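Data block below; observations after.
Computed from a prediction, not measured in an experiment: that's the story for all the values here.
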Amino acid sequence: LGRSILRDIASEASRFHGKTKEIAQYVSPREESPVVFSLVTALEEVMSLIHPEMTSHKVEASFSFNSDIQCCASRIELQHAVLHVLMNAVEACSLQDPSEKRSISVQLSDNEDKALIKVCDSATGMSEAQIAQAGEEIFTSKPDRIGLGLLLVRQFLDNIGGGWRFSKKDGTFCVLLSIPQVKVTE
């Protein structure tokens, strides 16, 4: 019994540490002007931030990144947007039956002048009505929440000329973020 309690305490301490790092990102000074940066590096940082949360909810992760993709935006705001999408995916997976496989995949690819960040999870996802409301002010499908996460994601995407799409297929729910990319010439 004592070891079980210690494991629970260690797990909660790890989760708390991750949340503290996330909060520190929000209160740290934001970049005022857009900068060119590697999306791979930015996504790897977000994945390391959310890893403790995924582990505590027994969510498996897979990643597929193209290292040549650059974008010009506020790096921190992009990371916040991706973090919100990933937190929603982790939370949705955590509500699945424990006997079901819980998984999230993150893919980075490009399509002409846009970088595409695709986050898919094994949860049921949002209904069509919820998808239609996603990103509206104070919309939430979760009890005890105020509905700012997807609003912030949508505002970021609108500000940089990006966009999003939601899809459901074969027991997978996906959010596709499109981000204007910078073509690097040699």
Side-chain angles (χ1 to χ4, degrees), residues 21-22 25-26 28-51 54 59-93 103-123 125-137 139 141 147-186:
K21 285 176 62 177
E22 178 184 336
Q25 286 283 338
Y26 281 100
S28 65
R30 294 185 181 222
E31 299 166 17
E32 294 298 320
S33 57
V35 296
V36 176
F37 61 92
S38 163
L39 278 173
V40 171
T41 303
L43 291 174
E44 285 173 341
E45 290 170 0
V46 171
M47 296 311 298
S48 69
L49 179 63
I50 198 165
H51 184 263
M54 294 177 79
V59 177
E60 295 177 15
S62 64
F63 317 105
S64 174
F65 298 157
N66 178 340
S67 61
D68 298 327
I69 299 176
Q70 303 281 313
C71 79
C72 185
S74 166
R75 179 186 180 109
I76 292 173
E77 288 182 23
L78 175 120
Q79 289 176 313
H80 286 172
V82 173
L83 186 60
H84 281 296
V85 172
L86 284 168
M87 289 299 293
N88 284 347
V90 170
E91 187 170 353
C93 286
S103 63
I104 294 174
S105 67
V106 180
Q107 299 172 343
L108 175 62
S109 60
D110 63 341
N111 182 6
E112 296 177 17
D113 62 340
K114 300 283 186 187
L116 305 174
I117 302 169
K118 186 175 186 179
V119 177
C120 297
D121 65 59
S122 59
M126 297 188 290
S127 69
E128 293 301 322
Q130 291 170 329
I131 289 171
Q133 290 183 286
E136 291 182 8
E137 287 189 40
F139 165 74
S141 62
L148 292 176
L150 290 180
L151 173 63
L152 294 172
V153 174
R154 194 202 75 220
Q155 287 177 341
F156 167 74
L157 293 169
D158 289 349
N159 289 341
I160 65 166
W164 66 7
R165 282 195 333 245
F166 301 88
S167 63
K168 294 169 82 167
K169 184 178 180 182
D170 300 328
T172 302
F173 182 77
C174 298
V175 179
L176 181 69
L177 307 176
S178 65
I179 313 289
Q181 70 172 311
V182 173
K183 293 289 185 180
V184 178
T185 56
E186 296 182 30

Closest approach of [X] to [Y] (non-hydrogen atoms, all atoms of both residues):
X	Y	value
Phe156	Ser74	CE1-O, 4.1 Å
Cys72	Pro34	SG-CB, 3.7 Å
Ser103	Cys93	O-SG, 3.6 Å
Ala115	Leu108	CB-CD1, 4.4 Å
Leu86	Val106	CD2-CG2, 3.8 Å
Gln181	Asn111	NE2-N, 4.3 Å

(message) Between Ile117 and Val175, does the side-chain contact (heavy atoms from CB on, under 4.5 Å) criterion hold? Intermediate values first, please.
(response) CA-CA 8 Å; Ile117 302 169; Val175 179; over 6 Å; no
(message) Check this for me: Lys118, atom NZ, are more than 12 non-hydrogen atoms of other residues, nucleotides or ligands nearer than 6.0 Å?
(response) no
(request) Kindly indicate, with the supporting measurements, whether the criterion side-chain contact (heavy atoms from CB on, under 4.5 Å) is fulfilled by Leu78 and Phe37. (result) CA-CA 11 Å; Leu78 175 120; Phe37 61 92; 4.2 Å; yes
Rounded to the nearest 0.5 Å, what's the gap from [atom1] on [X] to [atom2] on [Y]? Could you check?
X	Y	atom1	atom2	result
Glu44	Leu39	CD	CG	11.0 Å
Ile69	Lys114	CD1	NZ	13.0 Å
Ser178	Arg165	OG	CZ	8.0 Å
Asp121	Glu60	CG	CD	13.5 Å
Glu77	Leu157	CD	CG	11.0 Å
Gln107	Phe65	CD	CZ	10.0 Å

(request) Any chance you could lay out the side-chain contact (heavy atoms from CB on, under 4.5 Å) test for Met54 and Ile104, step after step, and finish with the verdict? (result) CA-CA 9 Å; Met54 294 177 79; Ile104 294 174; 4.0 Å; yes
(message) Run the salt bridge (charged side-chain N to carboxylate O under 4.0 Å, His left out) test against Asp158 and tell me which residues pass, sequence neighbours left out.
(response)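 Once residues adjacent in sequence are excluded, the partners of Asp158 under the salt bridge (charged side-chain N to carboxylate O under 4.0 Å, His left out) criterion are Arg154.
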(message) Can you list everything that forms a salt bridge (charged side-chain N to carboxylate O under 4.0 Å, His left out) with Glu45? Sequence neighbours excluded, please.
(response) Arg75
(message) Measuring only between side-chain heavy atoms, which start at C-beta, is His80 closer than 4.5 Å to Leu152?
(response) no
